[in-house]
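Comments concern the structure below.
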2 protein chains.
Amino acid sequence: MSTPSSLESLIKALRCLPGIGPKSAQRMAYHLLQHDRSGASSLADALQHALGALRHCQRCNTFTEADICERCLSGKRDASLLCVVETPVDMNMMEQTHAYAGLYYVLIGRVSPLDGIGPRELQLDQLLARACDGVVQEVILATNFTNEGEVTAHYLAEMLRSRAIRVSRIARGVPVGGELEYVDAGTLAQAVRERRSLT
Amino acid sequence: MSTPSSLESLIKALRCLPGIGPKSAQRMAYHLLQHDRSGASSLADALQHALGALRHCQRCNTFTEADICERCLSGKRDASLLCVVETPVDMNMMEQTHAYAGLYYVLIGRVSPLDGIGPRELQLDQLLARACDGVVQEVILATNFTNEGEVTAHYLAEMLRSRAIRVSRIARGVPVGGELEYVDAGTLAQAVRERRSLT
Ligand SMILES: [Zn+2]
Ligand SMILES: [Zn+2]
């Protein structure tokens, strides 16, 4: 009287998606089978194709179909600026600001002692070699402002400064359009401490 | 400088999943590529296998790998009771109550004039033939207590009563406007026990 095994396998497989529990997985499986078989088939193809085609860029670590990504190969980017982010999604967010025209280095992770990820696990040799190549003039740290992101930024800053490389950190503060009433106290405290002189 | 096409295709394909917008799809794609390639590969396989293996049971319409599902073939179910539900998920919910030991008929849809689905589109001949086969003694209507589900139940009750078949409706223990999929098993069990005769 059980669910057919292929249906059970599909429900189980859908749980590899982040944020999808057993109930959502069941709903998704029935939805696909009942209402969107061509969508399900396209998804299977897209997964297989992406797994086969995508790898990490040898220079910046983002996903690319070539050995080195378009951005790293572009002559239009300012190669003297190197922005360090935690993930390819963060890199996309930076790009959407149109406020940065330099290059990137994606850490693919951050220092997280609780998860057993120390500086060594991040394999920073490649970043170090990059920062010291004589072309890069400034490394901009754009890791998250979480505990792990801050620890990572702190560690990277120490590491790079000891090699006399200029390092900066993106600013922290009240979001643009943000109202003080809705900003958490920690953020506001930080915004006060890091206030800029207007004179 | 754009996203690689295979990554873009994957993000787009993930949007066939119900409730997944562009932002979630992006997050899912990066998660799979970064942290769960084997899960992604299993998902692709499970999708393809399920699409190939699953079809509708010829008697009750639920998904099965055979022509007729295990439940319909089982000698342990009370064939004199036929429960009509809207979807296979609703059937699973009924089973989880352990309050019902009869057989099922899955409508795969409900009367929905706004979507252009009238009684004719539901192809009720099969249900009618089943209800009139001389074995079935009572048809229990377990469509949702939404407007469409109520209209469907009303229509089915009229249709079956005109053929002198005993019809009942699960009790309104299910919250008005609620959907079976999201009701706890205890409430649903009560609704089965307190079903009202519509004759
Ligand atoms: Zn690159
Ligand atoms: Zn069946």
Side-chain angles (χ1 to χ4, degrees), chain A residues 1-20 23-24 26-54 56 62-66 69-71 74 76-77 87-89 92 95 108-109, chain B residues 1-20 24 26-54 62-66 69-71 74 76-77 87-89 92 95 108-109 181-182:
Chain A
M1 236 62 79
S2 62
T3 311
S5 69
S6 55
L7 179 53
E8 214 159 58
S9 299
L10 175 56
I11 293 171
K12 201 176 149 201
L14 282 163
R15 298 200 52 195
C16 75
L17 300 170
I20 300 306
K23 198 108 195 189
S24 297
Q26 180 183 263
R27 194 161 47 88
M28 284 177 167
Y30 281 111
H31 171 86
L32 292 175
L33 289 166
Q34 191 58 45
H35 302 291
D36 199 3
R37 284 184 160 246
S38 77
S41 178
S42 301
L43 177 54
D45 292 346
L47 283 164
Q48 278 173 337
H49 183 62
L51 288 171
L54 293 170
H56 291 290
T62 196
F63 292 112
T64 172
E65 293 174 359
C69 78
E70 274 185 70
R71 193 174 293 105
S74 166
K76 291 179 185 163
R77 310 287 302 207
T87 70
V89 176
N92 285 357
E95 284 297 285
I108 311 287
Chain B
M1 237 61 82
S2 63
T3 311
S5 69
S6 55
L7 180 53
E8 215 159 57
S9 300
L10 175 57
I11 293 171
K12 202 175 148 200
L14 282 163
R15 297 200 50 197
C16 74
L17 299 171
I20 301 306
S24 297
Q26 179 184 266
R27 195 162 45 87
M28 284 177 167
Y30 282 111
H31 171 86
L32 292 175
L33 289 166
Q34 192 57 47
H35 301 291
D36 199 4
R37 285 185 159 243
S38 76
S41 178
S42 300
L43 176 54
D45 293 345
L47 283 163
Q48 278 172 337
H49 182 63
L51 289 171
L54 293 170
T62 195
F63 292 113
T64 172
E65 292 175 0
C69 79
E70 275 185 69
R71 194 173 291 106
S74 166
K76 291 180 185 162
R77 310 289 300 206
T87 69
V89 176
N92 284 356
E95 284 297 287
I108 310 285
E181 191 175 342
Y182 300 104

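In the text below, chain A, chain B and the rest are named by the order of the sequence lines, each starting its count at 1. These figures come from a predicted structure and were not determined experimentally. Excluded from the calculations below are hydrogen atoms, water molecules and symmetry mates; all remaining heavy atoms, backbone and side chain alike, are included.
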What's the spacing between A:L33 CG and B:F63 CZ if we round to 0.5 Å? 5.0 Å
What pair of heavy atoms forms the shortest contact from B:A44 to A:Q48, and how long is it? CB-CG, 3.7 Å
Can you list the residues that meet the side-chain contact (heavy atoms from CB on, under 4.5 Å) rule with A:E65, with sequence neighbours excluded? A:A53, A:L54, B:P4, B:S5, B:S6
dist B:T62:OG1 -> A:L7:CG (nearest 0.5 Å) comes out at 8.0 Å
Stepwise, does the side-chain contact (heavy atoms from CB on, under 4.5 Å) test hold for B:R27 with A:V89? CA-CA 8 Å; B:R27 195 162 45 87; A:V89 176; 5.9 Å; no
Distance col, row B:D36:CG vs A:L17:CG, nearest 0.5 angstrom, shows 9.0 Å
What's the shortest heavy-atom distance between A:C16 and B:G39, and which atoms? SG-O, 3.6 Å
Quick check for you: among B:I11, B:L32, B:I20, which has the greatest number of heavy-atom pairs under 4.5 Å with chain A? B:L32
With A:S9, which residues qualify under side-chain contact (heavy atoms from CB on, under 4.5 Å), at least two apart? none
Using non-hydrogen atoms only, which part of A:H56 is less than 4.5 Å away from chain B: side chain, backbone, both, or neither? side chain
Select, from A:A50, A:P18, A:A46, A:C69, the one with the greatest count of heavy-atom pairs under 4.5 Å involving chain B. A:P18
For a quick test of reading the model, state the closest non-hydrogen atom pair linking A:L51 to B:R37 and the distance between them. O-NH1, 3.1 Å
Compare every heavy atom of A:L43 with every heavy atom of B:A13, then report the nearest pair and how far apart it is. CB-CA, 3.8 Å
